[in-house]
Number of protein chains: 2
Amino acid sequence: MKNKIMGSNGRVTIKTVAADAGVSVAAVSKVLRDAYGVSEALRTKVLESIDRLGYRPSTAARGMRGQTYSVGIVMVEMANPFLPEIVAGANDVLATEKYHSMIGVGEAQLKLETALIERMIDTRMDGVLLIAPRLSGEQLARYARQLPMVVIGHHEPQAQAFDTVNSDDQMGGRITVEALVAEGHRRIAMMSLPEKGSTEVDVYRQREIGYVEAMRAAGLGDEIRILRSRERRRLVEADLATALDGPELPSAMFCWSDLHAISLLSGAKSRGIAVPERLAVVGYDNSPVAALSMIGLSSVDQGGRRLGEVAARTLLSRIGGRSAPEHLLLDPVLVRRESF
Amino acid sequence: MKNKIMGSNGRVTIKTVAADAGVSVAAVSKVLRDAYGVSEALRTKVLESIDRLGYRPSTAARGMRGQTYSVGIVMVEMANPFLPEIVAGANDVLATEKYHSMIGVGEAQLKLETALIERMIDTRMDGVLLIAPRLSGEQLARYARQLPMVVIGHHEPQAQAFDTVNSDDQMGGRITVEALVAEGHRRIAMMSLPEKGSTEVDVYRQREIGYVEAMRAAGLGDEIRILRSRERRRLVEADLATALDGPELPSAMFCWSDLHAISLLSGAKSRGIAVPERLAVVGYDNSPVAALSMIGLSSVDQGGRRLGEVAARTLLSRIGGRSAPEHLLLDPVLVRRESF
DNA sequence: GACGATATGTATAACGTTCTACGTATAACG
DNA sequence: CGTTATACGTAGAACGTTATACATATCGTC
C-alpha cells in the first residue's frame with residue numbers, strides 16, 4: 001500500500017483522490033462539479049477513487065470559492081407545532097439534490113435573526129429559507145441581495161429580491177366563516193393579535209382580511225368583531241377569559257392560532273359553556289394537539305409539509321440562477337372535529 | 001475617502017481592516033483571536049476599524065485553519081415537545097461565548113444522523129451536541145475522536161471519547177413509583193418500548209430500571225409489570241387499547257413518555273375508566289401538552305432547559321481542550337396534576 | 001553604552017477547493 | 001499532409017483567515 005497524500009489531521013483530500021486516480025487536482029474538481037471538460041473514462045476512474053477512499057469534500061474549503069450545498073433555515077421558534085412539518089417537507093426536497101439544511105432558531109428576536117442570517121452568509125450557505133421572520137420586508141430584501149432567499153409566513157407579493165411561499169391566509173379566514181355560516185352561525189367573532197405595529201405582511205392580518213371579506217359577503221358586516229389578544233403566552237388566557245366572560249358571547253369563534261383556540265376551549269369547558277353547542281371554536285394550524293381526541297379542535301390546515309417542499313424547490317431554483325421573483329399561495333383546508 | 005481593499009463580492013475582509021488600521025493582516029488576526037503579541041494601542045486601533053467597517057470574519061475561511069465559533073446540534077426529531085427547552089438552554093449558554101448553534105434533524109434515521117455529523121465535521125464546526133441519537137456508543141466514539149462531542153439522552157457513563165449529560169432516568173422511575181405507592185397504589189404497571197434491540201444506554205431502559213428497583217424496594221416485586229408498545233406512532237394507540245382492555249387493569253400506569261400517557265388518558269376516557277380514581281396515569285417529559293388543563297397529566301419533568309445549559313457548558317469546556325470525560329446526571333422532578 | 005531578555009509586529013506559507021488560462025491531443029475536412 | 005475546430009487535462013492563482021518563524025524594538029541590568 002503506497003503512501004497516501006493526506007490533508008492535515010489525516011483527512012482524505014482532493015489531492016489524495018487525484019494521486020490515487022493518477023490525474024490532476026483540477027480534474028477531480030471538475031468531476032465533483034460535473035463540469036465540462038473531462039472524459040467519461042477519467043470520470044469513472046475518479047469516482048472509483050472517491051468511493052474507495054471515502055472522500056468527502058471539505059465544506060469549509062468549498063465555501064471559499066464555490067458552493068457548499070447547504071441551506072440555512074431560520075425558524076421563529078422551536079416550540080411552534082406547525083414548523084416540524086414545514087422543515088420535514090423542505091428537507092425531503094433538499095435531500096434529493098444533495099443539499100443539507102442547518103436550522104437556526106431566531107426566538108422572534110430581531111437581533112438574533114439578523115445574527116443568524118449573517119452567520120449563514122459568512123458560512124457561505126447557498127441559500128436561506130426564513131420561516132415567519134420578524135424582520136421587515138426591506139431588511140429581508142437587503143439580505144436577499146447577498147444570497148438566495150425564500151420566505152414562508154410573510155406576505156409580500158410585490159417583493160423583487162426574494163420569493164415567498166405561503167398558505168393563502170385570506171382564504172383560510174374565508175373558508176372558516178363560510179363553513180360556520182353554512183351551519184347557521186351569524187355571530188362569528190375572530191380572536192387575533194394586536195393591530196398596533198402589524199402590517200399586511202403578517203399572517204394574522206391576512207386571516208383577518210379573509211374573515212372580514214367573508215362576513216361581508218354573507219351579509220354579516222354588522223357582526224364583524226375582531227378581538228385582540230396580546231402575544232405573550234402568559235397573557236393569552238387572561239385575554240380569552242375577558243372574551244368568554246364578556247357581555248355578548250358569540251355563537252362561534254375563529255382563532256388566528258391553535259394555541260389560542262385550545263386555551264379558549266379550556267376556558268369554555270371550565271365555565272360550563274358547551275362546545276360546539278353554545279360556542280363553536282375553530283383554530284388555525286391543525287397542530288397535533290388539535291387532533292388529540294381529548295381536545296378535538298377544528299382547525300385550518302396549512303399543509304405544512306407541502307409548504308416546505310414548495311419552498312425548498314423555489315429556493316433551489318433561486319440558487320440555480322433565477323432572479324425573477326416568485327410568490328406562491330397554497331390553498332388551506334378546514335379540518336372539522338368536535339369543536340365545530 | 002480612500003480606495004478600500006475589498007474581498008470578492010465587495011465584502012469587507014481582514015485585509016480591509018488591516019489597511020484601514022495601518023497594520024498587518026497577521027496583527028488583525030491576533031486581535032481577533034485574542035492572541036499574545038499585540039499592544040493595547042494596536043488592539044484599540046484595530047477594534048475601531050472593525051467597528052467602523054462592520055467587518056465580520058468569514059466562517060468558511062476560519063474553517064480552513066482555525067475555529068468557526070459554531071456548534072452543531074443533531075436532534076432526533078423536530079416534533080418532540082421536550083427538545084425546544086433543551087435547545088433554548090444550550091443556545092443561552094452558547095450565545096454568551098459568541099457561539100452559534102446550527103441544528104440538523106436526524107429523523108431517528110442512522111443514515112441521516114451520520115450524514116449530518118459528517119457535514120458538521122466537514123464544515124469545521126467546533127463541536128457537536130447530540131440529542132437522543134440513534135447511533136451506538138461505538139459509532140459516537142468514532143466521531144468524537146474527530147470533534148468535541150456531548151450527548152444528551154444516551155446513558156454511557158464509561159464512555160471516554162465523549163461526555164454525557166442526562167436527567168437521571170432511573171430516579172425518574174423511582175420517584176414515580178414511590179409517589180404512587182405513597183398514595184396506596186400496589187398494582188403499578190409501566191408502559192415502555194420493545195426490549196428487543198435496546199440496551200441500557202436507552203433512556204426508557206433506564207426508566208424501567210428505576211421502576212423495577214422502586215417496586216422491589218416497596219415489597220411489590222410480584223407486581224412488576226412492564227408492558228411494551230411498539231414505537232411507531234400509529235401503533236401506539238392499538239397497543240394501549242390492548243393494555244386498557246386486558247384482563248387485569250392496574251390501579252396505576254407509569255408511561256415512559258407523555259405521548260403514551262396522553263393516548264392512555266384518551267383511551268381510558270373513551271372507555272369510561274375514571275382517571276385517577278380507577279387508573280392513575282403518570283407520563284414522562286412534562287411537555288406543554290401535559291400541562292393543558294383539558295389534559296392535566298402528571299409527568300416527570302427533566303428540566304430540559306437546565307440540561308441544555310449544562311450540556312453546552314460541558315461542550316465548551318471540551319472545545320477548550322479538556323479530554324477527561326464527564327458524565328453528569330440531573331435530578332428530575334415529578335409534577336402532579338389531575339391524572340394522579 | 002553594551003548586553004540579554006522579552007515584547008511586538010510583519011512576512012509568508014498553509015489550509016482544501018474552485019476557477020481560468022492555455023498547451024496539447026484528437027477529429028474532421030479539403 | 002496541412003489546417004481548423006473542438007475536447008481534454010493540467011498548472012497555478014485565488015479565496016480569507018490562521019499559525020509560525022523571525023527581525024526589530026524596547027526594557028532592564030550591569
Side-chain angles (χ1 to χ4, degrees), chain A residues 4-46 49-50 53-70 118-119 121-124 126, chain B residues 4-46 49-50 53-70 118-119 121-124 126:
Chain A
K4 288 187 192 163
I5 300 164
M6 304 295 269
S8 62
N9 207 22
R11 184 182 174 98
V12 175
T13 71
I14 201 168
K15 286 180 186 169
T16 324
V17 175
D20 187 79
V23 300
S24 74
V25 157
V28 178
S29 177
K30 278 185 174 177
V31 171
L32 288 172
R33 290 177 284 126
D34 221 19
Y36 176 79
V38 287
S39 64
E40 202 55 40
L42 185 142
R43 177 188 173 77
T44 300
K45 200 165 33 167
V46 168
S49 289
I50 286 171
L53 296 171
Y55 165 73
R56 295 191 324 262
S58 159
T59 306
R62 277 185 158 180
M64 296 297 290
R65 204 68 199 277
Q67 285 192 248
T68 57
Y69 298 94
S70 58
E118 288 177 351
R119 181 53 77 91
I121 291 169
D122 300 341
T123 308
R124 296 304 307 268
D126 298 327
Chain B
K4 286 186 192 166
I5 300 164
M6 303 297 268
S8 62
N9 208 24
R11 182 181 175 100
V12 175
T13 71
I14 203 167
K15 285 177 184 170
T16 325
V17 174
D20 186 80
V23 299
S24 75
V25 157
V28 178
S29 179
K30 278 185 176 177
V31 171
L32 288 171
R33 289 177 284 126
D34 220 20
Y36 178 79
V38 286
S39 65
E40 202 54 42
L42 186 141
R43 179 187 172 77
T44 299
K45 200 166 32 167
V46 168
S49 288
I50 285 170
L53 296 170
Y55 165 75
R56 293 191 327 260
S58 160
T59 307
R62 277 184 159 180
M64 297 297 290
R65 201 72 197 277
Q67 285 193 244
T68 57
Y69 298 95
S70 58
E118 286 177 352
R119 180 54 77 90
I121 291 169
D122 300 342
T123 306
R124 296 305 306 268
D126 298 327

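Chain naming here is simple, since letters A, B, ... match the order of the sequence lines and numbering starts at 1 in each.
D:dT17 atom P lies 9 Å from atom CG of A:Asp122, rounded to whole Å. Spacing between atom CD1 of B:Ile50 and atom C1' of D:dG16 amounts to 14 Å, rounded to whole angstrom units. Put simply, CD1 on B:Ile14 is 14 Å from C1' on C:dT12, counting in whole angstrom units. If you take CZ of B:Arg124 and P of D:dG16, they are 19 Å apart, rounded to a whole angstrom. Spacing between atom CG of A:Asp34 and atom C1' of C:dC19 amounts to 16 Å, rounded to whole angstrom units. Put simply, CD on B:Glu40 is 15 Å from C1' on C:dG9, counting in whole angstrom units. Residue B:Met64 contributes atom CE, which lies 13 Å from atom C1' of C:dA13 at whole-angstrom precision. Taking atom NZ of residue A:Lys15 and atom P of nucleotide C:dG16, one finds them 7 Å apart after rounding to whole Å.
Closest to the side chain of A:Leu32, out of D:dT17, C:dT8, C:dT18, is C:dT18. Which of D:dA11, C:dG9, D:dG9 sits closest to the side chain of A:Ala26 comes down to D:dA11. Of the listed nucleotides (C:dC19, D:dG9, C:dT17), C:dC19 has the atom at the smallest distance from the side chain of A:Arg33. Checking D:dT10, C:dG9, D:dC15 against every side-chain atom of B:Lys30, the shortest atom distance belongs to C:dG9. Checked against D:dT17, D:dC8, C:dG9, the side chain of B:Ala61 finds its nearest nucleotide in D:dT17.
Within the nucleic acid shown, A:Arg11 has no heavy atom closer than 4.0 Å to any nucleic acid atom. At the heavy-atom level, B:Ser29 lies under 4.0 Å from base atoms of the strands shown. Residue A:Gly7 is classed as a sugar-phosphate contact, given heavy-atom separations below 4.0 Å to backbone atoms only. Residue A:Gly66 is classed as a sugar-phosphate contact, given heavy-atom separations below 4.0 Å to backbone atoms only. Across all strands shown, A:Val23 has heavy atoms under 4.0 Å from sugar-phosphate atoms exclusively, and none from any base.
Dashed line: the shortest gap from a side-chain N or O of B:Ser58 to OP1 or OP2 of D:dC15 is not under 4.0 Å. Contact annotation: B:Arg62 side-chain N/O to D:dG16 OP1/OP2 distance is not under 4.0 Å. Side-chain N/O atoms of B:Tyr55 include one lying less than 4.0 angstrom from OP1 or OP2 on D:dT17. A:Ser8 has a side-chain polar atom (N or O) that falls below the 4.0 Å cut-off from OP1 or OP2 of C:dG16.
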Inset, instruction - Could you walk me through whether A:Thr59 and B:Glu118 pass the side chain to side chain contact (heavy atoms under 4.5 Å, CB included) test, one step at a time? - result: CA-CA 10 Å; A:Thr59 306; B:Glu118 286 177 352; over 6 Å; no
Legend entry - CA sep, side-chain torsions, deciding dist, call: B:Leu32, B:Ile50, side chain to side chain contact (heavy atoms under 4.5 Å, CB included): CA-CA 10 Å; B:Leu32 288 171; B:Ile50 285 170; 3.8 Å; yes
Legend entry - Trace of the side chain to side chain contact (heavy atoms under 4.5 Å, CB included) decision for A:Thr13 with A:Met6: CA-CA 6 Å; A:Thr13 71; A:Met6 304 295 269; over 6 Å; no
Inset, instruction - Please lay out, stage by stage, how A:Lys30 and A:Leu42 fare under the test side chain to side chain contact (heavy atoms under 4.5 Å, CB included). - result: CA-CA 10 Å; A:Lys30 278 185 174 177; A:Leu42 185 142; over 6 Å; no
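When every heavy atom of B:Arg119 is checked against every heavy atom of A:Tyr69, the shortest pair comes out as NH1-O, 3.0 Å. Taking both residues in full, the closest heavy atoms of A:Leu53 and A:Val17 are given as CD1-CA, 3.9 Å, listed atom of the first, atom of the second, then distance. For the residue pair A:Val28 and A:Ala18, the shortest heavy atom distance occurs at CG2-CA, 3.7 Å. Listed here is the closest heavy atom pair of A:Val38 and A:Ala35: CG2-O, 4.0 Å. Looking at every heavy atom in both residues, A:Arg11 comes nearest to B:Asp122 through NH2-OD1, 2.8 Å.
If A:Thr13 and B:Val25 are placed on DNA chain C by their nearest nucleotide, the residue sitting closer to the 5' end is B:Val25.
The base of D:dA19 is not paired with the side chain of B:Arg65 by any donor and acceptor separated by under 3.5 Å.
Taking five base pairs at each end of the helix from C:dG1-D:dC30 to C:dG30-D:dC1, the local helix axes there meet at an angle of 40°, rounded to 10°.
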